[in-house]
Structures are given as C-alpha cells and as structure tokens.
Amino acid sequence: LGLGSRVRCMGLSVTKHEIYNPSGKCLFEFDTSAYGSQVYVAPRPLLRQALLESLPPDSVSFATRFICLDRGDHDNFVTVHLRDMDRNSNEALNAECVIGADGCRSQVRKYLARPGVSRPAGVATFRATVWNQDLDMYPMHTFRDIWSEADGLGFRGRFGCIRVTQNEVYWWCACDSPSPCQSGSSILVSPILRPYKRKIVDRLSNFPFRAADLVSSTQESAIN
C-alpha cells in the first residue's frame, strides 16, 4: 500500500511472541522476524488516519446510515440509498459493488445473502487500549498470549496483551459464549451484555501478568 515507512514511524516493532498457560508457565516463544516479515503494532486511530489520507478526497463517508438497495433499471449497477446523519438528508448512489461488512447485525447483508438468521460463531471477543506504564509487566516489542483450557476463563479462551505506545497497552480476550440452542427455525442466544468489565475481570482473576488488573483499569466505555 506504500504506507510501510509511515506505519514503522507511528508504531512499535514486535520482536517476540510468548505463549503461556493460565498458571504463568511459558509454553512457547519465538522471534517474529524468523518468519520473514516485520511485525508492527500501531494505535488504531493513527493507522486509520494514514489509510484515509492515502485515498482520494471524499472516498470515505462517515455518519452515514444504510437504508436499502435496489437493482432498479441499471444492468451493471445497484442503487444504494443512504441517510446522511449530519445533514439529515437522503441520497442515492449507483454502485458496481456493495459489500456487507457492517457487523453481525448487517443491514446490507439482508439484501445480498440468502434470507435467514445469522448463526453465532460461539465466541465472544473483547478488546481495549488502556494507559499503563508498567514496562516490567508489559515490555515493549513483546506480545504475550495466554491460552486456557476448559474452565480457565470460565470457558475455554485466550487473553493477549501488547504495548502499542510507550504508555498504552492493548489487550484482548476471547472466550466461549453461551451456546446457541435450536428452537424450531429460530436461533436463540443468551447475549453477553454490558457491563463487560466485571464479567471479564472475574474470569481473569487467576491469570498471570495481572490480566484482571489491566482490564479493571480500563473504562467500561472503552471496551469493544
């Protein structure tokens, strides 16, 4: 994409990947450069801005809500109807390609895919970036990954953390979510609802590297 030098300036290199079990025993570690590629982590807002600035003006629109699409009278285009939330007005665009990548509750996918209810993957993932200056616990250039077996996170799951700036740590947690159950033709799921932090902290209470403390120091609204 031509952004390599900019990403290297805004991010931190990752030279080591360490994998632990929940008791803190190192199971495996490796040098990422041994796989032939440089690995960098960068704050998401900076990376997003770099990508946006590399595009032609007005290529990306924010505060826009998808309404519907129709094929209309065009042979090679579909008409996409959108709502500009800032201007409080509607607009229609003729598009050659429409991608339904707007999340698990995608409105676009309803028009592009076969009718039906999306089936959950059975995994819930949480992530956030938090201010932290403990370089001994979360050293720069090192990604730490903790893999649990059954009952380790309440269910099977993983926890990872890495420093993305000198003062910020990015963490993420993935665990089995309640299994969907079949009821006729519908998929019923018990969703994991906010507040997330308390539930994650409970599951990480015995994890190494003070994983629970790292999550506990994160604002609830910052957890995605």
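Heads up: numbering here begins at 1 and tracks the sequence. On a predicted model such as this, the values are computed, not experimentally measured, just so you know.
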Student: Check whether any side-chain heavy atom of Leu69 lies under 4.5 Å from a side-chain heavy atom of Thr79, and answer yes or no.
Tutor: no
Student: Could you give the distance from OG1 (Thr129) to CG (Asn224), rounded to the nearest 0.5 Å?
Tutor: 8.5 Å
Student: For the side chain of Thr32 and the backbone of Val14, is there at least one donor-acceptor N/O pair under 3.5 Å apart?
Tutor: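 Side chain of Thr32 to backbone of Val14: a pair is present.
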Student: Please check if Phe143 and Leu12 belong to a single hydrophobic cluster, counting links between Ile, Leu, Val, Met, Phe, Trp and Tyr side chain heavy atoms closer than 4.5 Å.
Tutor: yes
Student: Looking only at non-hydrogen atoms, find the nearest pair between Pro139 and Asp136 and report the distance.
Tutor: CD-O, 4.0 Å
Student: Is it true that Phe66 and Met85 fall in one hydrophobic cluster, defined by side-chain heavy atoms closer than 4.5 Å?
Tutor: no
Student: Can you give me the closest heavy-atom contact between Trp171 and Ile200, atom names plus distance?
Tutor: CH2-CD1, 4.0 Å
Student: For Asp31 and Tyr35, which heavy atoms make the closest approach, and how far apart are they?
Tutor: O-CD1, 3.9 Å
Student: Quick one, Asp84 with Ser89, criterion side-chain hydrogen bond (donor to acceptor under 3.5 Å, both in side chains). Give me CA distance, side-chain angles, the key distance, then yes/no.
Tutor: CA-CA 5 Å; Asp84 188 320; Ser89 61; 5.1 Å; no
Student: Evaluate side-chain contact (heavy atoms from CB on, under 4.5 Å) for Cys161 paired with Tyr170, printing each intermediate quantity in order.
Tutor: CA-CA 6 Å; Cys161 55; Tyr170 171 83; over 6 Å; no
Student: Considering all heavy atoms of both residues, which atom of Leu214 and which atom of Val169 are nearest to each other, and what is their separation?
Tutor: CD2-CG1, 3.8 Å
Student: Hey, are the side chains of Arg83 and Asn88 touching, using non-hydrogen atoms and a 4.5 Å cut-off?
Tutor: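 Contact flag for Arg83/Asn88 side chains = yes.
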Student: For a 4.5 angstrom cut-off between non-hydrogen side-chain atoms, does Phe159 reach Tyr20?
Tutor: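 They are not in side-chain contact.
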Student: For a quick test of reading the model, state the closest non-hydrogen atom pair linking Met10 to Leu47 and the distance between them.
Tutor: SD-N, 3.8 Å
Student: Give the intermediate values and the outcome of side-chain contact (heavy atoms from CB on, under 4.5 Å) for residues Leu52 and Val60.
Tutor: CA-CA 8 Å; Leu52 284 172; Val60 179; 3.6 Å; yes
Student: For the pair Asp134 and Arg210, evaluate salt bridge (Lys or Arg N to Asp or Glu O under 4.0 Å) and give the outcome as yes or no after the intermediate values.
Tutor: CA-CA 11 Å; Asp134 190 348; Arg210 295 207 296 270; 2.5 Å; yes
Student: Under 6.0 Å between ring centres, would you say that holds for Phe209 and Phe207?
Tutor: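 No, the ring centres sit 6.0 Å or more apart.
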Student: For the residue pair Asp145 and Trp172, establish whether any side-chain heavy-atom pair is separated by less than 4.5 Å.
Tutor: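 In short, these two side chains touch, coming nearer than 4.5 Å.
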Student: Rounded to the nearest 0.5 Å, what separation is found between the CD atom of Gln49 and the CZ atom of Arg44?
Tutor: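 So the CD of Gln49 and the CZ of Arg44 are separated by 14.5 Å.
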Student: Heavy-atom distance under 4.5 Å between the side chains of Arg203 and Cys175, does that happen here?
Tutor: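 Result yes, sub-4.5 Å side-chain heavy-atom pair found.
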Student: Does the side chain of Ser148 come within less than 4.5 Å of Asn21's, by heavy atoms?
Tutor: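 No, too far: nothing below the 4.5 Å cut-off.
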Student: Tyr40, Leu3: one ILVMFWY side-chain cluster at the under-4.5 Å cut-off?
Tutor: yes
Student: Do you know which two heavy atoms are closest between Arg198 and Pro195, and how far apart they sit?
Tutor: NH2-CG, 4.1 Å
Student: May I have the step-by-step check of side-chain contact (heavy atoms from CB on, under 4.5 Å) for Trp131 and Thr218, ending in yes or no?
Tutor: CA-CA 8 Å; Trp131 184 273; Thr218 308; over 6 Å; no
Student: Which value, rounded to the nearest 0.5 Å, describes the distance between Glu96 atom CD and Asn94 atom CG?
Tutor: 10.0 Å
Student: Mind checking side chain to side chain contact (heavy atoms under 4.5 Å, CB included) for Val201 and listing every partner two or more places apart, or none if nothing turns up?
Tutor: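 Partners of Val201 under the side chain to side chain contact (heavy atoms under 4.5 Å, CB included) test: Lys197, Ala212, Val215, Ser216.
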Student: Using side-chain contact (heavy atoms from CB on, under 4.5 Å), reason through Val108 and Ile99 one step at a time and then give a plain yes or no.
Tutor: CA-CA 7 Å; Val108 175; Ile99 301 172; over 6 Å; no
Student: With the 4.5 Å side-chain cut-off for hydrophobic clustering, are Val7 and Leu51 part of the same group?
Tutor: yes
Student: Hey, are Glu168 and Arg163 close enough for a salt bridge, meaning a charged N less than 4.0 Å from a carboxylate O?
Tutor: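 No, no charged N to carboxylate O under 4.0 Å.
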Student: Strictly below 4.0 Å, N to O, side chains only: are Arg48 and Glu53 in salt-bridge contact?
Tutor: no
Student: Does the side chain of Arg194 come within less than 4.5 Å of Glu220's, by heavy atoms?
Tutor: yes
Student: More than 12 heavy atoms of other residues, nucleotides or ligands under 6.0 Å from CZ of Arg8: is that the case?
Tutor: yes
Student: If you round to the nearest 0.5 Å, how far is CD1 of Ile146 from CZ of Arg158?
Tutor: 11.0 Å
Student: Should Ile162 and Phe126 be regarded as members of a common hydrophobic cluster, given that ILVMFWY residues are connected when their side-chain heavy atoms come within less than 4.5 Å of each other, either directly or indirectly?
Tutor: no
Student: Counting heavy atoms not belonging to Leu55, are there more than 12 under 6.0 Å from its CG?
Tutor: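 Yes.
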Student: Do the non-hydrogen side-chain atoms of Cys173 and Thr125 ever get within less than 4.5 Å of each other?
Tutor: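 They are not in contact (no side-chain heavy atoms under 4.5 Å apart), so the answer is no.
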Student: Check whether His81 reaches the backbone of Ile67 with its side chain - one donor and one acceptor, N or O, closer than 3.5 Å.
Tutor: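 Between the backbone of Ile67 and the side chain of His81 there is no qualifying donor-acceptor contact (under 3.5 Å).
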